[in-house]
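Here is the structure we will look at.
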Amino acid sequence: MKKILLSILSLCTLSAIGQSDNITTQLYDTYENYKESSIGKRRIKRTDIQPLIDKLATNDKFKVNTAGTSIGGRDLSLISIGTGDTNVFLWSQMHGNEPTATQAIFDILNFFDSADFKKEKEAILANLTVHFLPMLNPDGAELYQRRNLLGIDINRDALRLQSPESQTLKRVRDSLNADFGFNLHDQSTYYNAERTDKPATISYLAPAYNYEKDINETRGNAMKIIVFMNDILQKYAPGQVGRYNDDFEPRAFGDNIQKWGTSTILIESGGFPEDIEKQEIRKLNYTSILSAIYTIAQKSYESINIEEYEKIPENDRKLFDLKIVGANYELLGNTYTIDLGMNQIEVDYPDHNSFWYSSRILDQGDLSTYYGYETLDATGYTITQAKVYPKTLNTFSEVENLNFNDLLKQGYGYIRLSKFPAKHINSPFPVHLIGAKYIIPELNLMPGINPTFFLEKDGVIEYAVINGFLVDLKKSDIQVPNGMIFR
Ligand SMILES: [Zn+2]
């Protein structure tokens, strides 16, 4: 009996989702028409979005207000559209290095400004008023860092309200008394959907509003919207959705905004294979958030069964950028079998507009419960130390003229230079550069070191790992964005 009831309930869920299926497909397929092309990489600043906001301010369709100012004196803008009684409030980038949804918001604004999707837009704008507060932490964005200039995490300031950014968020929420809130973040790319090798491309949470994790109508509605969006994402990123732990955090905004009566949906943009600048994830944000806005306008989410929420796999953090499995490692006369997990870690250039990589071994041993964006089965291969090229070179252009594939095949991972131009902080080559007196340490695999070694089988070097990037030496292309400089 219970089984029959459940299947009827899930049918209701399916029909609510089915109604919007068409529009979702169309939104995804026509995305390029609305993509705001001026902000195409993660390191965006307030000055990058200012011209977009200025343009919206001259457009009758939108209301643009300065809702507050950051500690560093940068404006916090609120952009509103629609005439409906239901208020939907979206805010992004309260953590400065989490820009994916900020970009998606400007795509959504372009969509609202266009002449297309007339029927759907009329339904949205008659029933809803939609408010956007993109880049809540512009000072953090300037430095591409999580925290604001006070050095605090705005998401732990919902009670004390010391930061003007927090005060602005609270004031806007209260003045709108929004029915729905979208709390838009990025998460580490190393999250995966529990017990799978799938990255958590998007993770959701309907935050708890008390320690008991009760579900009232406010939180229940957030869960329904999440079930709706999860169903959309399964089509474009199957298995790549995670659900955050819902332990109550009394200082966080999501938890408090839920408590204050706004159905709050936390969206975290994670990783997607070969999407370094997260532009595919941005598109998934655009498609799923716009579809959610449409379902809120039509109230079609109401029949969704919240039990489906608990079925979304939990978020786990078991991904590496590169995982090497089952290699032989010789130490003090014995041979051991070892897995290696390593991450390609970004380091910003001083202007925070771009970055380079300084990779690290994160873990080693039996890593059979972990996964990699890239995985190499190294069974039968032996890890060998990278050597220093015997000839000392004088200039970068001398290095440039080397045949790196040949060099790596011979086991050379380091080039000695007699002197360095001061401006270089990393090696633009797929090898490391070392100073005249630098002595490379003996290879001693350990979490924390830069992953640089070769994999050899029957006396032949077949793979190189340079700065945590795998090179298959049977192929001619070498995809190592940069090496290190050790002076
Ligand atoms: Zn965040």
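We count ligands from 1, going down the list as the structure has it; atoms in each ligand are counted the same way. Counting begins at 1 with the first residue of the sequence.
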Is it the case that the ring center of Phe469 lies less than 6.0 angstrom away from the ring center of Tyr357? yes

Charged N to carboxylate O under 4.0 angstrom, Arg146 versus Glu98? yes

Specify which N/O/S atom of His95 comes nearest to the Zn ion (ligand 1), by atom name. ND1

N, O or S atom within Glu98 nearest to the Zn ion (ligand 1), by name: OE1

From the N, O or S atoms in His185, identify the one nearest to the Zn ion (ligand 1). ND1

So that I know where these two stand, are Tyr294 and Phe117 an aromatic pair - ring centroids less than 6.0 Å apart? no

Below 30° counts as parallel, above 60° as perpendicular, anything between as tilted: where do the rings of Tyr28 and Tyr236 land? parallel

